[in-house]
Structure formats: C-alpha cells, structure tokens
Amino acid sequence: MDRARQRLLAARHVYIVCHITPDGDAIGSLLGMGTALQKLGKTCTLACPDPLSAKLAFLPSARQVISDPPTDQDTIVTVDVSDIGRLGSAYVAETFRSRPVINIDHHVTNTRFGSINLIRPLPSTAEVVLGLVRRLGVPLDTDIASALLMGLITDTRCFRTGNVTTRQLRTAIALMNAGAPLADLTEHLFNCEPLSTVRLWGQALAAVQTRDGVIWAEISQEMMRRSAATPSDADGLSSFLASTAGMDGALVFREQEDGRIEVSMRAGPGHDLSGVAVALGGGGHARAAGCTVDGPMNRARVRVLDAVVNALRGEAAPGRPEAGALGPPGQAGGA
Ligand code: AMP
Ligand code: MN
Ligand code: MN
C-alpha cells in the first residue's frame, strides 16, 4: 500500500487500465482510481480494451475511457486484472517492462505481474481502490464514490454473495454518505436489461442441461446473431444458473467470434473452482471463475465439464459432504 502510494504521488502521467469485457468492478475501479488521481493533479489516461455496456457507460467520467494501449505515460496501474492475458490489446510487453506497473486486484489467482502488487482478498477490487484513495488523502466526492459503489454492488451482486460481511455494508454506507446514489446504480445494473439479453437468455435457458450436480448452458454465435446480442448480454447468466437448487456448479459456454469458447463458472457454497479455471488457462475466485478454451463447442464442453465434475468430486473428501448433498442453498460468489 505504501509503495503504491509513493509511486503514485511521484507520478505525473498515469495510464490506468482494466480487463477485457469489463464488468462494473473493472470500470468502477478504473473510474474511481482515475478520478481520485486527477483530483491530486495527475494527468490520467483511462483505458479499457473493450467497449463499455450501456449499464456502465452512464457512470460519471465513463466518456474519458479510451481503448488505446499505453504510450508515453510514466506509470501504469491495472485494476481488477488477474493476469496479463486479461489486458488484451492493452498489454504491450516493452511498455510494461520499462515502467512501474501497480497491480491492484482481489483475485486469489492473481499472477503478481506488477512491480508493485496490491492484492487484497476482498469481494471487489473497488474496495482495494478505496483503501488506496484514502491512503492518498483524497476526499471522496460523488463521482469517486459512485464508481466504487458500482464496483462493490457488481461483484457482490448487491450484497448477496457469500463473502459479504458488515465491512462491505459499512463501506457502502461511507460511499453513500459521500454521495453515491445506490438506488440509481442498482436500477442501471439490475433493472435495465436490454431486450437482447432477455432473448439470448431465453434461448440459452430453453436448452440447459445437467450432469453430476453441474448445470450448464451453451451460447453459439448463431444464438448471439438471432438475439442481436453482444458478449455482455451473457453476463449474469452463470450466477442465475447457480441459483438452481441442488447444483454444486454452474457453467455458461459462449462461442466467441474467433471460435474460441469463453467459460463462466460458478460454484456452490463450500466449493472452489478457481484451481480448475487456472488449470484451463483462466482464473478467478473460489466461487466465480472463468477461462477461455479452444473450440469447437462440443470439444470444449467435454473437456471443461470433465474437469469441473472431477474438481467438485475431488473436494468431497472423507468427513465432508458428498457433492450434491451439500447443506443450505447459497449464492455463488461474485466476480
Ligand atoms: P465472469 O464469469 O465473467 O463473471 O467471471 C468470473 C470471474 O472469473 C472473474 O473474477 C473473472 O476475472 C474470472 N475470469 C473470467 N474469465 C476469465 C478468463 N478467461 N481468464 C481469467 N479469469 C477469468
Ligand atoms: Mn471483473
Ligand atoms: Mn472484480
């Protein structure tokens, strides 16, 4: 924390970037960090390799976000990025090698690729950013607080995930006291689904399958076209599937334009899919993880399902409940 603070205080022009296919924690952390550093008089370039969905584009300062890779900035900050693969086109090896990289994140699978790594096992990266903003002595304003509360409510699915404690509720109160409009944010995030999302989910839900305590849905490019969907329309579907009673795991397989398959994973309480996600080239948290594997769909489904079923079975060691016989239903963790 102190090294990150010192580096940022010494910086003049900071490049801040979040992960590809950004969620509310990625964008909230990006805007919160950027706005706070701007208040300190720093020049900031705010970047995200992929476009923002309408759910996020309304946030104050979202218009500042560009998709260019870093150029002549003297310091790089990554937020909510677990490994360099998640930077997509924003990763330029030479630029990242030649200047300080502050890696701010909350993923257990973080590869510590920064020269300074500020990784805390909190439900959202936005909370890690908040800690740093406070250490920098920047008073919270409405813009910073709104961005950070967006991050917190995205990754906790509005305080419904198993990792929420009074700390997150206290943080939310502090952010609301600083002007963050909780009701507005939840309205945008949870009550403004585009029609394309509803159509896409309809197709996917009509064909869900289950095996060995795992429920899954598949989204093809053809389904994406038929519902005029963009990748972000699939967000949230794995968490919804994970709310099915009696399931230990939930998966959504989505065929990308390049034919590779993006897999979103959710695990029930007491389970951990972060290891299998890493083994498949991805990462994440115990109860919310993901990876991108080679297509076609048929091969990806077999490979990932086998690995996930084995991982969930392998956990059912003596003295622990058998997979499928777990106690109370629970929400899958956030992203
Ligand atoms: P999602 O299912 O997209 O909400 O993502 C759940 C969690 O898994 C997030 O914390 C992501 O950072 C992580 N994740 C998803 N996809 C990947 C991937 N391809 N590589 C690494 N981590 C991923
Ligand atoms: Mn994220
Ligand atoms: Mn996150």
Side-chain angles (χ1 to χ4, degrees), residues 17-33 48-50 52-53 55-56 78-88 91 103-111 113 118-130 147-157 161 163-164 168 189 216-217 219 230-242 249-256 258 260-267 272-295 300 304 308 331-335:
V17 62
C18 69
H19 63 74
I20 51 175
T21 54
D23 51 43
D25 190 33
I27 296 298
S29 299
L30 175 71
L31 300 179
M33 188 79 253
C48 176
D50 287 329
L52 279 63
S53 65
K55 287 181 181 185
L56 301 174
T78 64
V79 288
D80 205 38
V81 176
S82 55
D83 62 87
I84 54 173
R86 301 279 288 158
L87 285 165
Y91 181 70
N103 167 10
I104 304 176
D105 190 34
H106 69 132
H107 292 91
V108 276
T109 60
N110 191 286
T111 57
F113 56 84
L118 183 55
I119 324 286
R120 298 281 185 268
L122 290 164
S124 64
T125 296
E127 296 164 81
V128 191
V129 170
L130 175 62
L148 296 181
L149 188 57
M150 181 56 116
L152 179 57
I153 65 173
T154 299
D155 273 16
T156 60
R157 304 182 60 230
T161 51
N163 50 9
V164 170
Q168 282 65 47
L189 194 56
W216 79 91
I219 297 174
T230 58
S232 66
D233 285 309
D235 288 355
L237 180 56
S238 57
S239 294
F240 179 72
L241 292 181
L251 304 173
V252 172
F253 296 88
R254 185 180 64 79
E255 185 186 20
Q256 299 181 159
D258 64 5
R260 301 194 79 212
I261 310 292
E262 186 198 72
V263 189
S264 173
M265 306 177 174
R266 295 292 183 271
D272 185 347
L273 288 176
S274 63
V276 69
V278 169
L280 290 163
H285 313 281
R287 296 186 56 195
C291 60
T292 307
V293 296
D294 288 338
V304 174
V308 165
Q331 297 289 338

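These numbers were taken from a predicted model, which means no experiment stands behind them. All residue numbers in this chain count up from 1 along the given sequence. Both counts, for ligands and for their atoms, begin at 1 and track the order of listing.
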- Note on the structure: Tightest non-hydrogen contact, residues L148 and G28, listed as CD2-O, 3.9 Å

- Task: Please identify which atoms of ligand 1 are closer than 4.0 Å to at least one heavy atom of H285.
- Result: 10 (O)

- Going by heavy-atom distance to atom 23 (C) of ligand 1, choose the closest among G290, S232, G85. G290

- Note on the structure: The N/O/S atom of H106 lying closest to the Mn ion (ligand 3) is NE2

- Item | Distance filter under 4.0 Å to G283 heavy atoms, resulting ligand 1 atoms | 8 (O), 13 (C), 14 (N), 20 (N), 21 (C), 22 (N), 23 (C)

- Message: Using the rule given for side-chain contact (heavy atoms from CB on, under 4.5 Å), can you reason through T78 versus H19, listing the C-alpha separation, both sets of side-chain angles and the distance that settles it, and then say yes or no?
- Response: CA-CA 8 Å; T78 64; H19 63 74; over 6 Å; no

- Query: Hey, which atoms in ligand 1 end up nearer than 4.0 Å to a heavy atom of G284?
  - Reply: 8 (O), 13 (C)

- Query: Relative to ligand 1, is H19 under 4.0 angstrom through side chain, backbone, both or neither, heavy atoms considered?
  - Reply: neither

- Task: State if R266 counts as touching ligand 1 under the rule of any non-hydrogen atom under 4.0 Å.
- Result: yes

- Item | Pair T292-R260, side-chain donor/acceptor within less than 3.5 Å | no

- Message: If the cut-off is 4.0 Å to any non-hydrogen atom of T292, which atoms of ligand 1 fall inside it?
- Response: 19 (N)

- ligand 1 atoms in contact with A288 (distance to a heavy atom under 4.0 Å): 6 (C), 7 (C), 8 (O)

- Kindly give the atom name of the N, O or S atom of D23 closest to the Mn ion (ligand 2). OD2

- In D25, which N, O or S atom comes closest to the Mn ion (ligand 3)? OD2

- Item | Under 2.8 Å: N/O/S of H19 next to the Mn ion (ligand 2) | yes

- In a check of side-chain contact (heavy atoms from CB on, under 4.5 Å) between D80 and each of I27, D105, I104, which one passes? D105

- Query: For ligand 1, does E262 get within less than 4.0 Å through its side chain, its backbone, both, or neither, judged by non-hydrogen atoms?
  - Reply: neither

- Task: Using a strict cut-off of 4.0 Å, indicate which atoms of ligand 1 neighbour a heavy atom of S264.
- Result: 1 (P), 2 (O)

- Task: Determine, stepwise, if the pair I219 / L237 fulfils side-chain contact (heavy atoms from CB on, under 4.5 Å).
- Result: CA-CA 11 Å; I219 297 174; L237 180 56; 4.0 Å; yes

- Tightest non-hydrogen contact, residues V108 and A286, listed as CG2-N, 4.5 Å

- To the Mn ion (ligand 2), the closest N, O or S atom belonging to D80 is OD2

- Task: Report the C-alpha distance between W216 and V308 in whole Å, list the side-chain angles of each, state the deciding distance to 0.1 Å, and finish with yes or no for side-chain contact (heavy atoms from CB on, under 4.5 Å).
- Result: CA-CA 11 Å; W216 79 91; V308 165; over 6 Å; no

- Note on the structure: ligand 1 atoms nearer than 4.0 angstrom to some heavy atom of H107 are 9 (C), 10 (O), 11 (C), 12 (O)

- Message: Just by distance, no angles: are the side chains of S264 and S238 close enough, under 3.5 Å, to form a donor-acceptor pair?
- Response: yes

- Which ligand 1 atoms, with their elements, are less than 4.0 angstrom from a heavy-atom of G282? 20 (N), 21 (C)

- Hey, which N, O or S atom on D155 ends up closest to the Mn ion (ligand 3)? OD2

- Query: Do H285 and H107 come within less than 4.5 Å of each other through their side chains, counting heavy atoms only?
  - Reply: yes

- Item | Closest candidate by heavy atom, reference atom 11 (C) of ligand 1, pool H106, R86, M265, R260 | R86

- Would you kindly specify which portion of C291 sits under 4.0 Å from ligand 1, judged on non-hydrogen atoms: side chain, backbone, both or neither? backbone

- Message: For H106 and D155, which I'm curious about, is there any donor-acceptor pair between the side chains at under 3.5 Å?
- Response: yes

- Task: Evaluate the side-chain contact (heavy atoms from CB on, under 4.5 Å) criterion for residues T154 and L189: first the C-alpha distance (whole Å), next the side-chain angles of each, then the deciding distance (0.1 Å), finally the verdict.
- Result: CA-CA 8 Å; T154 299; L189 194 56; 3.4 Å; yes

- Query: Looking just at side-chain N and O atoms, do N110 and D83 make a donor-acceptor pair shorter than 3.5 Å?
  - Reply: no

